Q: 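What follows is a single structure, and I will ask about it in a moment.
Values in this document were obtained by computation on a predicted structure and should not be read as measured data. Residues take their numbers from the sequence shown, with the count starting at 1.
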Amino acid sequence: MTRRLLLTTIPVLIVSLLVLVISDVVNTTTVIHAAISTACVIIYFCCFVAGYGPIPNILCSEIFPTRVRGLCIAICSLVYWIGDIIVTYTLPVMLTSIGLTGIFAIYLVVCAISWVFVFLKVPETKGMPLEVIAEFFSVGAKQVAAAKNE
């Protein structure tokens, strides 16, 4: 469920950011520009809240073994909030240096990269017991360790 949700909501985020970038580049009337910008921001917000916002927390609670799950979820939450703080505090600096269109373009590229990552690396965990999910990730980690030893 989580993978499918990400694979369907991230493209909507990409399209809304792309429309925001294009609407800033193309000259339109103020009313049309305001309507397009408002619609894109609302669509982006709704899709982010439905998919990209909560899914990292859900995935973190599924992928770690039971014996270390609490600590790993705490570390994931810390990294998530540090990333959030970085975005919050770099936004004004980026706004003055590259402008709103540049910021939207950077976020668009990040969303595109994240979609590729989810498509290639994130497994579907719907209907799988936590023990099976933990075994799935531990097998992958063992394969990586074996490849490094060769």
Q: Could you measure the distance from the CD1 atom of Ile98 to the CZ atom of Phe104? Nearest 0.5 Å is fine.
A: 11.0 Å
Q: With Ser114, which of Ile10, Ile14, Val109, Val122 fulfils side chain to side chain contact (heavy atoms under 4.5 Å, CB included)?
A: Ile10
Q: State plainly whether one hydrophobic cluster holds both Leu78 and Leu71, where clusters connect Ile, Leu, Val, Met, Phe, Trp and Tyr through side-chain heavy atoms under 4.5 angstrom apart.
A: no
Q: Linking directly or through intermediates, with side-chain heavy atoms under 4.5 Å: list the remaining ILVMFWY members grouped with Val15, chain and number order.
A: Val19, Ile32, Ile36
Q: Of all the heavy-atom pairs spanning Leu17 and Cys111, show the shortest one and how long it is.
A: CD1-SG, 4.1 Å
Q: How many angstroms lie between CH2 in Trp115 and CG in Leu120, if you round to the nearest 0.5 Å?
A: 8.0 Å
Q: Are Leu20 and Phe45 linked, directly or through other ILVMFWY residues, by side chains that come within less than 4.5 angstrom of each other?
A: no
Q: Determine, using the 4.5 Å side-chain heavy-atom cutoff (strictly less than), whether Val12 and Tyr107 are members of one ILVMFWY cluster.
A: no
Q: Hey, mind stepping through Asp24 and His33 against side-chain hydrogen bond (donor to acceptor under 3.5 Å, both in side chains) and telling me if it holds?
A: CA-CA 8 Å; Asp24 279 348; His33 186 269; 2.7 Å; yes
Q: Please identify each residue that fulfils side chain to side chain donor-acceptor pair (under 3.5 Å) with Thr8, with sequence neighbours left out.
A: none
Q: If you round to the nearest 0.5 Å, how far is OG1 of Thr101 from CD1 of Ile22?
A: 11.0 Å
Q: What distance separates Ile58 CD1 from Leu5 CG, expressed to the nearest 0.5 Å?
A: 8.0 Å
Q: Which pair of heavy atoms, one from Cys60 and one from Ile73, lies closest together, and at what distance?
A: O-CG1, 3.8 Å
Q: Considering residues at least two apart in sequence or located in another chain, which fulfil the side-chain contact (heavy atoms from CB on, under 4.5 Å) criterion with Phe48?
A: Leu13, Tyr44, Tyr52
Q: What heavy-atom pair brings Ser37 and Ser23 nearest, and what distance separates the two atoms?
A: OG-OG, 4.3 Å
Q: Please check if Val116 and Leu18 belong to a single hydrophobic cluster, counting links between Ile, Leu, Val, Met, Phe, Trp and Tyr side chain heavy atoms closer than 4.5 Å.
A: yes
Q: Show the nearest heavy-atom pair for residues Ile43 and Ser16, with the distance to one decimal.
A: CG2-CB, 4.5 Å
Q: Is the number of heavy atoms from other residues, nucleotides or ligands within 6.0 Å of CG (Asn27) greater than 12?
A: no
Q: Going hydrophobic residue to hydrophobic residue with side-chain gaps under 4.5 angstrom, can you get from Leu91 over to Val87?
A: yes
